[in-house]
Asks: 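Supplied in structure tokens, the structure appears directly below.
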Amino acid sequence: VRLSMIASEFRASAKGVKHYLNVIEYLGSRGIQVQDRKIVVVPSGNITPNVELVKHYNDIDIFICLSESETGPQPCFEALACGTVVITTKVGLIQEVVRNDYNGYLIDDRDNIEEVGDTIIKYLSYSHDRKREMSDNCLESVKSYDWKYQVRNYQVMLDHYFGETM
């Protein structure tokens, strides 16, 4: 299995890096070989080019987000947009987007390493066709968050509050 998470250099503990490493250790104890276990540490203020992000998300099987608090989190949306299944804590807006066994999994407690690990094992047990279906669901679930739709939503909202413009 190929896993990844993203953390900023200043918030590694809040992002759950230690939890992520414990999950990898748990998977090993259950006989699951983690071939690639990326932790992308983004320096504060750094912007990663989209082409690098797409390659990153396409090179993994599951994106893991074990943050204790978030607003988005943006990396989960990016992973979903690349068709990558997400396992995430119930933080930010993503808890409204991820649906268990549809496009990823919501985790109740990031300290429950077994829950996270067993969720990964469950996903790995699915057939290739089922994983493909979930990948397609990932893409579908974030389409409405594309800027071309959001600009229209903002226009409707502004028109409602300030009267029709132009």
Side-chain angles (χ1 to χ4, degrees), residues 1-9 11-42 46-68 70 72-146:
V1 66
R2 299 166 301 156
L3 306 174
S4 177
M5 73 168 301
I6 293 179
S8 69
E9 62 186 343
R11 296 200 58 223
S13 64
K15 297 288 186 176
V17 171
K18 178 186 76 164
H19 297 79
Y20 175 73
L21 295 173
N22 288 339
V23 167
I24 291 169
E25 185 178 312
Y26 174 79
L27 291 172
S29 75
R30 298 288 308 270
I32 304 296
Q33 182 182 9
V34 180
Q35 299 165 340
D36 201 351
R37 47 187 169 268
K38 297 177 182 173
I39 301 175
V40 178
V41 178
V42 180
N46 186 37
I47 297 175
T48 305
N50 287 342
V51 70
E52 289 180 36
L53 288 173
V54 170
K55 180 176 177 0
H56 172 76
Y57 294 121
N58 286 330
D59 284 347
I60 60 175
D61 299 308
I62 305 168
F63 180 77
I64 310 289
C65 174
L66 299 175
S67 293
E68 62 185 13
E70 291 279 354
Q74 186 67 29
C76 288
F77 283 93
E78 294 165 349
L80 291 168
C82 291
T84 302
V85 168
V86 170
I87 296 177
T88 181
T89 48
K90 295 177 179 177
V91 293
L93 182 61
I94 201 66
Q95 63 187 318
E96 303 296 325
V97 178
V98 171
R99 293 185 6 229
N100 289 336
D101 283 322
Y102 177 77
N103 59 354
Y105 303 92
L106 293 169
I107 299 299
D108 290 318
D109 180 7
R110 75 185 194 145
D111 292 322
N112 188 341
I113 301 306
E114 292 81 15
E115 178 188 9
V116 180
D118 290 343
T119 301
I120 292 169
I121 292 168
K122 175 183 179 179
Y123 174 75
L124 294 175
S125 73
Y126 289 158
S127 69
H128 175 75
D129 289 342
R130 178 72 181 108
K131 289 176 186 173
R132 180 82 252 150
E133 179 184 353
M134 286 184 73
S135 178
D136 292 344
N137 294 341
C138 291
L139 296 166
E140 190 62 37
S141 66
V142 293
K143 279 185 179 177
S144 66
Y145 294 92
D146 187 295

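Residues: numbered from 1 along the sequence shown.
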Asks: Got a second to check how far Cys65's SG is from Ile87's CD1, nearest 0.5 Å?
Replies: 11.0 Å
Asks: List the steps, then state whether side chain to side chain contact (heavy atoms under 4.5 Å, CB included) holds for Glu140 with Asn103.
Replies: CA-CA 9 Å; Glu140 190 62 37; Asn103 59 354; over 6 Å; no
Asks: For Asp59, which residues count as a side-chain hydrogen bond (donor to acceptor under 3.5 Å, both in side chains) partner, sequence neighbours excluded?
Replies: Lys55
Asks: Say you draw a straight line from CD of Glu114 to CG of Asn22; how long is it, rounded to the nearest 0.5 Å?
Replies: 9.5 Å
Asks: Output, in order, the C-alpha distance, side-chain angles, deciding distance and verdict of side chain to side chain contact (heavy atoms under 4.5 Å, CB included) for Val116 and Asn112.
Replies: CA-CA 7 Å; Val116 180; Asn112 188 341; 5.9 Å; no
Asks: Just verifying a value: how many Å separate Tyr123 OH and Arg130 CZ, rounded to the nearest 0.5 Å?
Replies: 9.0 Å
Asks: Nearest 0.5 Å, what's the OG-CG distance between Ser135 and Leu80?
Replies: 9.5 Å
Asks: Under the salt bridge (charged side-chain N to carboxylate O under 4.0 Å, His left out) test, which residues partner Asp136, sequence neighbours left out?
Replies: Arg132
Asks: List the residues meeting side-chain hydrogen bond (donor to acceptor under 3.5 Å, both in side chains) with Thr119, not counting sequence neighbours, and say none if there are none.
Replies: none
Asks: Can you pull out every side-chain hydrogen bond (donor to acceptor under 3.5 Å, both in side chains) where at least one residue sits in residues 72-88? Sequence neighbours excluded, please.
Replies: Tyr57-Glu78
Asks: If the threshold is 4.0 Å, N to carboxylate O, is there a salt bridge linking Lys131 and Asp61?
Replies: no
Asks: What's the shortest heavy-atom distance between Ile107 and Glu115, and which atoms?
Replies: CG2-OE1, 3.6 Å
Asks: With the side chain counted from C-beta on, respond yes when Leu27 and Ile120 share a heavy-atom pair under 4.5 Å apart, and no when they do not.
Replies: yes
Asks: Give, for atom CD of Glu25 and atom OH of Tyr20, the distance between the pair rounded to the nearest 0.5 Å.
Replies: 14.0 Å
Asks: If the condition is ring pair (Phe, Tyr, Trp, His ring centres under 6.0 Å), which residues does Tyr26 pass it with, not counting sequence neighbours?
Replies: none
Asks: Under 3.5 Å, which donor-acceptor pairs do the side chains of residues 89-96 form with other protein atoms, sequence neighbours left out?
Replies:
from, atom 1, to, atom 2, distance (Å)
Thr89, OG1, Ser67, O, 2.7
Lys90, NZ, Asp108, OD1, 2.5
Gln95, NE2, Gly92, O, 3.2

Asks: Quick check for you: to the nearest 0.5 Å, what is the distance between Asp111 atom CG and His19 atom NE2?
Replies: 4.0 Å
Asks: What are the two closest heavy atoms between Phe63 and Ala79, and how far apart are they?
Replies: CB-CB, 3.8 Å
Asks: State, to 0.1 Å, how close Gly104 and Val85 come at their nearest heavy-atom pair, and which atoms those are.
Replies: CA-CG1, 3.7 Å
Asks: Side-chain contact, heavy-atom cut-off 4.5 Å: Ile62 with Tyr105?
Replies: no
Asks: What pair of heavy atoms forms the shortest contact from Asp118 to Arg30, and how long is it?
Replies: OD1-NH1, 2.8 Å
Asks: Please report the shortest heavy-atom distance between Arg2 and Gln35, naming the atom on each side.
Replies: CG-OE1, 3.9 Å
